[in-house]
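What follows is a single structure, written as structure tokens, with notes after it.
Proteins get letters first, then strands, A, B, ... in listed order; numbering begins at 1 in each.
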Protein chains: 2
Amino acid sequence: MLHDPAQLDLMFQALADPARRQMVERLSRGPASVSQLAEPLAMSLSAVVQHLNVLEASGLVSTEKLGRVRTCRIEPKALRAAEHWINERRLAWERRLDRLGDFLAETKDENRGKPS
Amino acid sequence: MLHDPAQLDLMFQALADPARRQMVERLSRGPASVSQLAEPLAMSLSAVVQHLNVLEASGLVSTEKLGRVRTCRIEPKALRAAEHWINERRLAWERRLDRLGDFLAETKDENRGKPS
DNA sequence: GCAATACTGAAGTAATCACTTAACTATTTT
DNA sequence: AAAATAGTTAAGTGATTACTTCAGTATTGC
């Protein structure tokens, strides 16, 4: 379910915006309210709420409203899913290079002592 | 330079599209030509070239043209940069939770034997 | 109760996106 | 030299984005 392409779309899309990454960065240091998230950003509160909704829809952030303040926190499970997708591709490539290296080494071995 | 926010924008943006992720996935299994990348995708070759240009601009993929065929390969260094950004944020959060756990445990310790 | 706080939602806009088709260039193959 | 292959480029279109402002709704402090 975490590898559902639509979910990955949403997560990577969410991370593609610098304002949203800044929000995630802030939340990685601990939970925050919407206004706290907005404070360092040069845009309206309304815009921040919209970004927050994107983050929440992506599963990267979860929020909980108590009284009039909405408290936001990071969802490490989702973060891990994105990380995992990238990692798998990188490893596939690197394993391939290893095998290629082995093959070349073997080929060289087989030619040991042979004249060119 | 790999942590330049503009570069991260480009990388996450590039990964946000399912067609482009499919192309990266294909390339993680080895280099391919443009037509080979296009083959499983339900869109014009032109569209694929445009996706490829996005991937190349993001640094995730590099290409080299020999004769009339352009050979594409994955750039693991860039992949690692995206992975790293996510990892840092997740770790910051998890370390924070650990410290919080320690703090709660200590607080409990200090109250050892005290009557409530 | 009244004002300040903390958001929320709708509507509008300019820019960017993911395509398409069609016309083109360069390289091989026959 | 002609035809097939591999890719490139430009222009156009409809959908989606990232905002804005403005008007609204709960909650909390005085």
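- Comparing D:dA18, D:dT21, C:dC19 by their closest approach to the side chain of B:H51 singles out C:dC19.
- Relative orientation of the B:F12 and A:F12 rings is parallel, given thresholds of 30° and 60° on the angle between their planes.
- Taking only side-chain nitrogens and oxygens, A:K65 never comes nearer than 4.0 Å to OP1 or OP2 of D:dA26.
- A close approach under 4.0 Å does not occur between any side-chain nitrogen or oxygen of A:R68 and OP1 or OP2 of C:dA4.
- At a threshold of 4.5 Å between side-chain heavy atoms, the hydrophobic network of Ile, Leu, Val, Met, Phe, Trp and Tyr places B:L15 and B:M43 in one connected group.
- Between the CG atom of B:L45 and the P atom of C:dA22 there is a distance of 16 Å, rounded to whole Å.
- Comparing D:dT9, D:dC19, D:dT17 by their closest approach to the side chain of A:Q13 singles out D:dT17.
- One can place CZ of B:R70 at 15 Å from P of C:dT27, the figure rounded to the nearest angstrom.
- Among the nucleotides C:dC19, C:dT21, D:dT20, the one closest to the side chain of B:D17 is C:dC19.
- Between the CD atom of B:E56 and the C1' atom of D:dT8 there is a distance of 13 Å, rounded to whole Å.
- Judged by the 6.0 Å and 45° rule, A:R89 forms no cation-pi pair with A:W93.
- The nearest whole Å value for the distance from the CG atom in B:L55 to the P atom in C:dA18 is 11 Å.
- The nearest whole Å value for the distance from the CG atom in B:L10 to the P atom in C:dT16 is 13 Å.
- Between atom OG of residue B:S28 and atom CZ of residue B:R73 there is a gap of 13.5 Å, rounded to the nearest 0.5 Å.
- Listed candidates were D:dC19, D:dT8, C:dC7. Nearest to the side chain of A:V69 is C:dC7.
- The nucleotide whose nearest atom lies closest to any side-chain atom of A:M43 is, among C:dC17, C:dT21, D:dT20, D:dT20.
- Closest approach to the B:S44 side chain among C:dT8, D:dT8, C:dT20 is made by C:dT20 (side chain taken as heavy atoms from C-beta onward).
- D:dT17 atom P lies 15 Å from atom CG of B:D9, rounded to whole Å.
- One cannot find a donor-acceptor pair under 3.5 Å joining the base of C:dT8 and the side-chain atoms of A:Q50.
- In this structure, A:L52 places its CG atom 16 Å from P of D:dT17, rounding to the nearest Å.
- Between A:N53 atom CG and C:dA10 atom P there is a gap of 11 Å when expressed in whole angstrom units.
- When the nearest nucleotides of DNA chain C are assigned to B:G67 and B:A42 by heavy-atom distance, the more 5′-ward of the two goes with B:A42.
- Positionally, the nearest nucleotide of DNA chain D for A:S46 lies more toward the 5' end than for the other of A:L66 and A:S46.
- In this structure, B:E39 CD and B:R26 CZ are separated by 9.5 Å, a value rounded to the nearest 0.5 Å.
- At C:dT5, none of the side-chain N or O atoms of A:S35 fall inside 4.0 Å of OP1 or OP2 (strictly under the cut-off).
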